[in-house]
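Bear in mind that the values here come from a model prediction, so they are computed numbers and not experimental data. FYI, the numbering just counts along the sequence from 1.
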Amino acid sequence: MRTKLMTFNKIGAIFVIVAMLIVMSACGAKNNSGNEAESGNTPANEAGQTTAGQTEAAQATAYPLTVKDVTGTELTFEAAPQRIITLLPSETEIVYAIGAADSLVGVDDYSNYPKEAESLEKIGNMDVNFEKVLSLKPDLVLASYTMGKAAVDKLRSLNIPVYATDPKTYDAVVEKVKQIGQIINKNEQAAEVAAHMQQVREQVAAAVKDAPKPNVYLEFAPGWTVGKGEFLDELISIAGGANIATQPGWYEIDAESVVKSNPDQIIYASMTVAEGEKNPILSAIEARPGWDAINAVKNKLLFEVDQDPLTRVGPRLAEGLLEVARKLHPDLAGQLK
């Protein structure tokens, strides 16, 4: 059985590699999941998106359209892409959410949402099947540069247009949705998705504004946490918590330092395992020496959060934010629907 545990083992290995390069931009890029650009050459922002003279969300895209992605690469589209491949699940979810699923001709092995995505042609995971990609004749590939630098570079060497992102914030994910919508000429649908994500953020921020901020430890894969400069760190803050992880990026934990930080609450990601087996993250937490003295463990304030919405820089990040906020502030659940 292929499990999310297997998925996370692969992701964990990549986190190590990325950490050696620069602080990982994992599931997204600066401007979490998105870069916005207009026709022509305009300055790019931190996510690789342009900021001047953006097209109104409800207007049709004017082609030719030139955009610049997170790598600084310019791409010019003479018309809306008709054959799209996605190299990670968050991009697949964006394409579906903005009503462009008919253009999808291939997705990565882990694209499992919505259910229909599972029936599409699979092009691999971190090890992209380049022959399969070429056979599908894409006119756009959506990718994360940090998670898939080698694949992005290889595809570009084959003259395949790749739009790469790597968001670092919730708002960057929102902007990514809008930019992909502009490229595909799904501006109105993308604007609706973006507006919902912003509405959820505002709702959560308003609900927790005056609430106490518990110290929070987050473990998204066995032995791995996330600190400064990444969207999950920001997600904890928006949800009304204070992340105890102070190092930048994604990294393997120092178990003793977590004990010293003594978090009030622990959030951990769900993982699909064989029937009857316990979430390996929870098993690890319960087995670590000295962790029984942590306030969160003593007070049984350990909360499992659905893995995919929590870790994917796509439309469902809003669901992840809501769920984290509900766990941290159960007394405010009525305001977090």
For P263 and V216, which heavy atoms make the closest approach, and how far apart are they? CB-C, 4.2 Å

Find the distance between CG (N295) and CG (N215) and round it off to the nearest 0.5 Å. 9.5 Å

In Å, rounded to the nearest 0.5 Å, how long is the span from CG of D233 to CG of N243? 4.5 Å

Apply side-chain contact (heavy atoms from CB on, under 4.5 Å) to the pair E304 and L282, showing each step before the final yes or no. CA-CA 9 Å; E304 184 176 85; L282 181 58; over 6 Å; no

Can you give me the closest heavy-atom contact between P81 and S103, atom names plus distance? O-OG, 3.9 Å

Determine whether E219 and I253 make a side-chain contact, defined as any pair of heavy atoms from C-beta on separated by less than 4.5 Å. yes

Under a 4.0 Å threshold between the charged nitrogen and the carboxylate oxygen, would E286 count as salt-bridged to K278? yes

Any heavy-atom pair between the side chains of T311 and L317 that's under 4.5 Å? no

I need the L302 CG to I267 CD1 distance, nearest 0.5 Å. 9.0 Å

Among Y251, W250, Y268, the one residue meeting ring-ring contact (aromatic ring centres under 6.0 Å, His included) with F220: W250

Pair E234 + K228: basic N to acidic O under 4.0 Å: no

Could you tell me if D108 and N125 have a donor-acceptor pair between their side chains, going purely by distance under 3.5 Å? no

Treating D69 as the side-chain partner and T165 as the backbone partner, does any N or O pair qualify as donor plus acceptor under 3.5 Å? no

Distance from L322 atom CG to K327 atom NZ, nearest 0.5 Å? 12.0 Å

Is the closest side-chain donor-acceptor distance between T71 and T73 under 3.5 Å? yes

